[in-house]
K.L.:
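Take this structure first; my questions come after.
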Protein chains: 2
Amino acid sequence: MTGKEKVRWDSTRKIIDAAEQIFSKKGFEGATTREIADKAGLPKANIHYYFPTKEDLYVQVLKDILAEWINDAEIFDSSDDPEIAFRAYVSRKIQHSFTRPFASKVWAMEVIGGGTVFDVHLKSSLLEWNTKKCRQINKWIEQGKLRKVNAQYLLYAIWAMTQHYADFEYQTRIINNGQSLGIEQSDEIVENIVQLVLRGVII
Amino acid sequence: MTGKEKVRWDSTRKIIDAAEQIFSKKGFEGATTREIADKAGLPKANIHYYFPTKEDLYVQVLKDILAEWINDAEIFDSSDDPEIAFRAYVSRKIQHSFTRPFASKVWAMEVIGGGTVFDVHLKSSLLEWNTKKCRQINKWIEQGKLRKVNAQYLLYAIWAMTQHYADFEYQTRIINNGQSLGIEQSDEIVENIVQLVLRGVII
DNA sequence: TTTTAACTTGTCCAGATGGTCAACTTAACC
DNA sequence: GGTTAAGTTGACCATCTGGACAAGTTAAAA
């Protein structure tokens with residue numbers, strides 16, 4: 001990758017990173033292209049060269065995030081042992097809360113706000129992901145590895161708890177005396193969520 | 001309450017209700033006073049008569065929500081039996097997800113976005129609430145009623161799971177074939193969360 | 001070297017934004 | 001019934017918004 005290719009790649013990367021931060025603070029409507037441009041260190045017109053509209057950019061940011069989550073969830077199928085699978089999945093998800101804190105927030109804002117963009121571009125990917133995971137949990141139940149729980153509600157519970165540490169980072173920081181929960185606490189957090197889940201579902 | 005008093009009360013109520021909806025869709029920056037006025041069925045200038053600035057209105061909406069949550073959590077102290085207390089609290093929280101769906105979303109957006117307003121006006125109330133609840137859980141642990149768990153993380157877990165059904169209603173709806181989880185499912189949801197919590201903490 | 005397509009950016013614009021204000025109506029108190 | 005304070009509202013404004021565009025620069029192909 002040289003010359004123009006590299007320039008294109010660098011610029012889009014810079015723009016998406018900046019957009020992720022601004023969208024995560026203000027949501028789609030509240031974010032301004034100027035602010036995104038400033039954070040990216042590029043003129044506003046340049047943003048519009050790579051992403052014709054604000055919405056195009058927003059969609060790209062959301063697609064990136066879902067792709068990463070779907071990737072995270074692959075690990076769910078990595079083991080036939082639900083304990084290992086749950087722990088691996090939660091662990092990855094929590095890691096990402098710390099290493100890529102803005103991504104999940106953009107998603108959260110989009111969904112909370114009613115998912116206008118979501119509806120058109122992301123619905124089917126999410127549904128597919130969800131169906132697959134439910135099927136896996138139900139398989140474990142059939143195999144007698146898990147208690148007979150509602151797979152969907154269990155998935156929501158795991159989702160909710162892991163998301164919390166990313167999305168509500170600000171709230172947990174306030175409660176933790178203004179000190180961010182760092183990567184050092186992540187093992188503790190993971191273990192806590194996993195314990196709760198396992199005691200709930202392992203026979 | 002007659003005449004002017006009633007007028008004032010009616011108008012502020014209408015405005016706050018409308019604001020709650022708009023803020024929950026667009027966040028603080030994305031919401032416009034015009035849109036709030038339209039939803040409230042009042043001229044924009046009238047909004048500014050009761051709430052001089054957009055931020056004044058926003059703060060009021062957030063304060064209302066926190067007040068309700070603090071009220072919800074009173075029930076936590078209503079019983080010495082943690083099982084009864086947890087069930088009552090989760091149940092109330094989930095009820096509110098259905099009866100007042102916008103409130104929690106405004107809060108979520110504020111916190112996710114970094115809590116500028118939160119910081120100044122709501123921090124201390126939240127901290128006080130949190131400390132009290134942790135103390136109660138720790139008391140139960142000392143009394144041997146609960147397993148030795150980290151009270152703070154347990155509180156986060158309960159918080160996250162209950163919030164999920166309010167904040168991510170849109171996502172759960174998509175997954176549920178476009179059909180909203182109605183008040184009819186609320187018992188099921190409550191029982192699911194409570195079971196997970198109880199299996200995790202009851203000795 | 002010339003040509004061409006990709007990229008950059010300062011400038012501009014129609015429409016929207018939060019908020020003001022002055023003219024007005026309503027209801028309560030003397 | 002007259003005075004006053006509370007409430008209403010259309011018109012207005014400085015500023016900001018997403019986006020268009022034309023004049024430029026860069027780098028790769030001919």
Side-chain angles (χ1 to χ4, degrees), chain A residues 1-62 106 109-110 113 116-117 120-121, chain B residues 1-62 106 109-110 113 116-117 120-121:
Chain A
M1 191 174 61
T2 57
K4 293 262 148 121
E5 267 184 339
K6 182 171 156 50
V7 165
R8 170 167 275 268
W9 202 89
D10 282 357
S11 290
T12 50
R13 191 71 263 148
K14 265 190 234 166
I15 295 168
I16 289 180
D17 284 352
E20 203 171 278
Q21 288 185 55
I22 305 299
F23 283 134
S24 84
K25 259 203 185 120
K26 314 270 183 92
F28 176 69
E29 285 89 357
T32 70
T33 52
R34 195 182 308 266
E35 213 177 345
I36 293 171
D38 287 352
K39 177 134 286 185
L42 295 168
K44 185 162 76 79
N46 201 327
I47 308 284
H48 280 93
Y49 175 72
Y50 287 103
F51 301 91
T53 69
K54 189 180 162 187
E55 184 166 329
D56 288 332
L57 174 54
Y58 186 60
V59 169
Q60 195 52 55
V61 168
L62 284 173
V106 180
M109 283 218 177
E110 166 67 10
T116 331
V117 164
V120 181
H121 298 88
Chain B
M1 190 174 62
T2 57
K4 292 264 149 123
E5 267 185 341
K6 181 170 157 48
V7 165
R8 171 167 275 269
W9 201 88
D10 282 356
S11 290
T12 50
R13 191 71 262 148
K14 266 190 234 166
I15 295 168
I16 289 180
D17 284 352
E20 203 171 278
Q21 288 185 54
I22 305 300
F23 283 135
S24 84
K25 260 204 185 118
K26 315 272 183 91
F28 175 69
E29 285 90 355
T32 69
T33 52
R34 196 181 309 266
E35 214 177 345
I36 293 170
D38 287 352
K39 176 133 287 185
L42 295 168
K44 187 163 75 77
N46 200 325
I47 308 284
H48 280 93
Y49 175 71
Y50 287 104
F51 300 92
T53 69
K54 190 179 160 187
E55 183 166 331
D56 288 333
L57 174 54
Y58 186 61
V59 169
Q60 194 52 54
V61 168
L62 284 173
V106 181
M109 284 221 177
E110 165 68 11
T116 332
V117 165
V120 181
H121 298 90

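Letters go in sequence order (proteins before strands), and every chain restarts at 1. Note that this is a predicted model, so its numbers are computed, not measured.
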K.L.:
Is the shortest distance from a Lys or Arg side-chain nitrogen in A:D10 or A:K14 to a carboxylate oxygen in the other one below 4.0 Å?
P.N.:
no

K.L.:
Ignoring hydrogens, what is the shortest heavy-atom contact between B:A31 and B:I22? Give both atom names and the distance.
P.N.:
CB-CG2, 3.6 Å

K.L.:
Starting at the 5' end of DNA chain C and moving along, which residue's nearest nucleotide shows up first, B:G3 or B:T33?
P.N.:
B:T33

K.L.:
Please determine, for the side chain of A:Y50, which listed nucleotide (C:dC7, D:dG18, C:dT9) has the closest atom?
P.N.:
C:dC7

K.L.:
I want to verify a distance call: between D:dG19, C:dT9, C:dT8, whose nearest atom is closest to the A:K44 side chain?
P.N.:
D:dG19

K.L.:
Of the options C:dG18, C:dG19, C:dC7, whose atoms approach the side-chain atoms of B:T53 most closely?
P.N.:
C:dG19

K.L.:
Report the distance from atom CD of A:E29 to atom C1' of D:dC16, rounded to the nearest whole Å.
P.N.:
17 Å

K.L.:
Would you kindly give the NZ-to-C1' distance between B:K26 and C:dA16, to the nearest whole Å?
P.N.:
12 Å

K.L.:
At less than 4.0 Å, is any side-chain N or O atom of A:Y49 found next to OP1 or OP2 of C:dT8? Yes or no.
P.N.:
no

K.L.:
Does a side-chain N-to-carboxylate-O contact under 4.0 Å join A:E35 and A:K25?
P.N.:
no

K.L.:
In whole Å, I'd like the distance from the CG atom of B:L57 to the P atom of C:dG18.
P.N.:
11 Å

K.L.:
Within this structure, what is the CZ-to-P distance between A:F51 and C:dC7, rounded to whole angstrom?
P.N.:
12 Å

K.L.:
From B:T32 OG1 over to B:D38 CG, what is the distance, rounded to the nearest 0.5 angstrom?
P.N.:
7.5 Å

K.L.:
From the list C:dG10, D:dT9, C:dG18, which nucleotide is the closest neighbour of the side chain of A:P43?
P.N.:
C:dG10

K.L.:
Starting at NZ of B:K14 and ending at C1' of D:dG7, how long is that distance when rounded to a whole Å?
P.N.:
13 Å

K.L.:
Kindly indicate whether the side chain of A:Y58, heavy atoms from C-beta on, has any atom under 4.5 Å from the side chain of A:E110.
P.N.:
yes

K.L.:
In whole angstrom, what separates B:I47's CD1 from C:dT17's C1'?
P.N.:
15 Å

K.L.:
Can you check the A:E35 CD to D:dG18 P distance for me, whole Å?
P.N.:
9 Å

K.L.:
Side chain of B:R8: nearest nucleotide among D:dG7, C:dC7, C:dT20?
P.N.:
D:dG7

K.L.:
Need one value for B:A31: base, sugar-phosphate or nothing, where a base atom within 4.0 Å counts as base even if backbone is also close, heavy atoms only.
P.N.:
sugar-phosphate

K.L.:
Any idea which of D:dC21, C:dT17, D:dG18 is nearest the A:T32 side chain?
P.N.:
D:dG18

K.L.:
For B:R34 and B:E5, find the nucleotide of DNA chain D closest to each by heavy atoms; which residue's nucleotide sits nearer the 5' end?
P.N.:
B:E5

K.L.:
Please pick, from D:dT8, C:dG18, D:dG10, the nucleotide with the shortest atom-to-atom distance to any side-chain atom of B:A45.
P.N.:
D:dG10

K.L.:
Without decimals, in angstroms, what is the distance between A:N46 CG and D:dG19 P?
P.N.:
15 Å

